[in-house]
Amino acid sequence: MKVRRPERTFATMDHAIPTRNVDIALWPMDAAIQVRTLRENCEEFGVTLWDINGPIQGIVHVVGPEMGITQPGMTIVCGDSHTSTHGAFGALAFGIGTSEVGHVLATQCLLQKRPKTFAITVDGELGKGVTAKDIILAIIAQNGAGGGAGYVFEYRGSAIRRLSMANRMTICNMSIEGGARAGMIAPDETTFAWIEGRPYAPKGEHWDRAVAYWKTLVSDEDATFDRELKLDANKLEPMVTYGTNPGQGIGVTGRIPTTSELEDPAERRSLLSALDYMGLQAGQKMEGQPIDIVFIGSCTNGRIEDLREAAAIVKGKQVPDSVQALVVPGSKAVKAQAEAEGLDRIFSEAGFEWRGAGCSMCLAMNDDKAGAGKYVASTSNRNFQGRQGPGARSLLMSPIMAAAAAVNGRVVDVREMMS
Amino acid sequence: MQPFRTLTATAAPLRLENVDTDQIIPARYLTAVTKEGMGKGLFSGIRYHPDGAPKEEFVLNKAEHDGAQVLIAGRNFGSGSSREHAVWALTDHGFRCVIAPGFADIFYNNSLKNGLLPVALPEEVVNMLWDLVEEAPETIIVVNLTDQSVALPDGQHHHFEIDAFRKICLLEGLDDMGYIMSKEAAIEAYEAAPAF
């Protein structure tokens, strides 16, 4: 059997690889075997591979858009749940399991049921220090980690329209944490300007035809949705999660709920189990919570815009000796751009480790793992038990909140550091 | 794929909500390039102490639930990562059916591709089942896919929904590939048409 459309199939290395510059001979045996297997398969079946040894490589959801592969109107699948990221371009993009990856490789098709539709409208203006990450964490806190099951989200409204592509990707990326397999934003001039000129973007007359088509990919004015949710951007504040599912998040000035505030017995059970794992107390504030590790990176927040904003917070400050802080660019291109702008020096001088591109401590499938009981201020997407290492305790937040936590050794309200 | 018709088995109650696929099988097990033996990592974070000794209080470590082929769990089961390893870990351990109030979409699809039947029942039924099998672990549950029902020894029958096409695939042990390949002409026509 062959790969049906090798020219429409791409591979890169992100999950299992170390982000320190080490020879593959020194890697853990199973990661080395996995990488070698990928190389052999891509070679045999004629699939383009962006190898860790080459100039292009990184997290698949950073590299794909960067190369201009991700375009409006496409259906994009990958054996990774954060494929929802690509919905930021008006593509229908979702994660699939290994069996379905096989079906796509062989046939370029998947059997699908039409999902239900869910409009999430965010109007208004974000305050200082409030970011796209806070929008999506607030949506999930409100709608629940399973609230989007069976739906595809469409994010709309004036606050969404004003976001950069990097910020739109952050939001669509975490659709899956809200239970939706996919989340989309209608393409507009911001989208077209971002794609134009990238290696796989349409060129010349083909570009004009593409843009004309892409402009049609918007919901009708009078479209109706199976469900709707509205959020006021003006009322949002920086978010922090306290629990073990991404819906367990609060504003930085808020308090962890108490069981008496929760009516639903299942929610109460979830809260108690989360607090037990996290070593936190019901009713406590997250502001002031000491942290041990800071991880800035991942397919949620490993783009150049994320690193610029985080660098602006840490510039001239110091990470305390008690804290380990990592910055892991989402791709080699992000890394090179950051180095050209001197961001690597800002981070290094502040006491951060400056790493190579990969998934790193987002999922502890490589050698970047948080120890048992450690609190991790993390810009990634999942605070599941053991996600960042057995026993590790993840606090999800935005890049600027993580940067602020790094230089203070505890969770702080980043707005107080921004004048 | 192993067909699924009727399952007559005992059940294990997992009284947890939002069980994510990292809990079902942590990422450190994913570098394996084959499925075999995945059951060893099943629920490892909550099933074993850091030194590898089993946690006595965890349901799968209790002798009375040995051999259970039905897992009864809380809402939003299988959330998170798309790793099919989560399904392989459950089936390798011996589970053939998971009953929960709701499932994450990707996990649900992955289950159907591997002969693991995901059965969504109302939360109050799941609560009742938890109480029942905790009280009487020897309770035999009959999951009948043809009838789309879960039957209990006291005569209770609970109906569940499943997509008609998926049901046939499970009953016959068929995967999607053959069906998709039978649509070759339609695929070729689609590919020949310009995208815009």
Next item on the list: Could you tell me which non-hydrogen atom of A:Phe192 sits nearest to which non-hydrogen atom of A:Trp207, and how far apart they are?
Entry: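 Of all heavy-atom pairs spanning A:Phe192 and A:Trp207, the closest is O-CH2, 3.3 Å.
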Counting heavy-atom pairs under 4.5 Å with chain A, which one of [options] comes out on top?
{"options": "B:Pro50, B:Ala195, B:Ser79, B:Ser82", "value": "B:Ser82"}
{"options": "B:Gln23, B:Arg75, B:Arg15", "value": "B:Arg75"}
{"options": "B:Asn18, B:Asp176, B:Asp163, B:Ile46", "value": "B:Asp176"}
{"options": "B:Asn110, B:Asn76, B:Asp20", "value": "B:Asp20"}

Let me check something: any side-chain donor-acceptor pairs from residues 102-109 of chain B under 3.5 Å, sequence neighbours excluded? List them with distances.
residue  : atom : partner  : partner atom : Å
B:Asp105 : OD1  : A:Gly150 : N            : 3.0
B:Asp105 : OD2  : A:Gly150 : N            : 2.8

Notebook entry, point to check: Should the ring pair B:Phe196 and A:Tyr213 be called parallel, tilted or perpendicular, given that the plane angle runs from 0 to 90° and is split at 30 and 60?
Noted result: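 Geometry flag for A:Tyr213 against B:Phe196: parallel rings.
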Notebook entry, point to check: Can B:Asn114 and B:Glu84 be counted as having a side-chain donor-acceptor contact under 3.5 angstrom?
Noted result: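 Yes, side-chain donor-acceptor contact under 3.5 Å.
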Notebook entry, point to check: Any side-chain donor-acceptor pair under 3.5 Å between A:Asn381 and A:Thr300?
Noted result: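 Yes, A:Thr300 and A:Asn381 have a side-chain donor paired with an acceptor closer than 3.5 Å.
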Item checked: Contacts of B:His159 that satisfy side-chain hydrogen bond (donor to acceptor under 3.5 Å, both in side chains) - sequence neighbours left out -> B:Glu161
Checklist line | B:Glu191/A:Arg4 under salt bridge (Lys or Arg N to Asp or Glu O under 4.0 Å): CA gap, chis, key distance, verdict | finding: CA-CA 11 Å; B:Glu191 289 183 326; A:Arg4 185 179 178 92; 3.0 Å; yes
Margin query: Looking at A:Val376, is its backbone amide N or carbonyl O close enough to the side chain of A:Arg393 to form a donor-acceptor pair, meaning the two atoms are under 3.5 Å apart?
Written below: no
Checklist line | Backbone of A:Cys362 reached by a side-chain donor or acceptor of A:Arg387 within 3.5 Å | finding: yes
Note to self: Looking at B:Tyr190, I'd like to know if its OH atom is crowded, meaning that more than 12 non-hydrogen atoms belonging to other residues, nucleotides or ligands lie closer than 6.0 Å.
What the structure shows: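 No, because the 6.0 Å sphere around OH of B:Tyr190 holds 12 heavy atoms or fewer from other groups.
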Notebook entry, point to check: Under 6.0 Å from the NZ atom of A:Lys2, do we count more than 12 heavy atoms belonging to anything else shown?
Noted result: no
Item checked: Close contacts, residues 89-97 of chain A versus chain B, judged by heavy atoms under 4.5 Å -> A:Gly95, A:Ile96, A:Gly97
Check: So which bits of residues 364-371 of chain A come within less than 4.5 Å of chain B, counting non-hydrogen atoms only?
Finding: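 Against chain B, the residues of residues 364-371 of chain A that fall inside the cut-off (heavy atoms, under 4.5 Å) are A:Ala364, A:Met365.
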Margin query: Quick check on A:His206 against chain B: is it the side chain, the backbone, both or neither that has a heavy atom closer than 4.5 Å?
Written below: both
Item checked: Region of A:Thr37 that comes under 4.5 Å of a non-hydrogen atom in chain B ->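 For A:Thr37, the contact with chain B is made by the side chain alone.
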Checklist line | Residue selection (most heavy-atom pairs with chain B, distance under 4.5 Å) from A:Val35, A:Ile33, A:Asp80 | finding: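 With the most close heavy-atom pairs to chain B, the winner is A:Asp80.
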Next item on the list: Measure distances from B:Ala86 to the heavy atoms of chain A and classify the residue's part below 4.5 Å as side chain, backbone, both or neither.
Entry: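 No part of it gets close to chain A.
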Next item on the list: Let me know if B:Arg83 has heavy atoms under 4.5 Å from chain A in its side chain, its backbone, both or neither.
Entry: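 Looking at B:Arg83, just its side chain touches chain A.
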Next item on the list: Please determine which of A:Gln388, A:Lys374, A:Gln385 meets the side chain to side chain donor-acceptor pair (under 3.5 Å) test together with A:Ser394.
Entry: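 Only match with A:Ser394 under side chain to side chain donor-acceptor pair (under 3.5 Å): A:Gln388.
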Next item on the list: Apply side chain to side chain donor-acceptor pair (under 3.5 Å) to A:His82 and A:Glu177, showing your working.
Entry: CA-CA 9 Å; A:His82 289 108; A:Glu177 274 65 51; 3.0 Å; yes
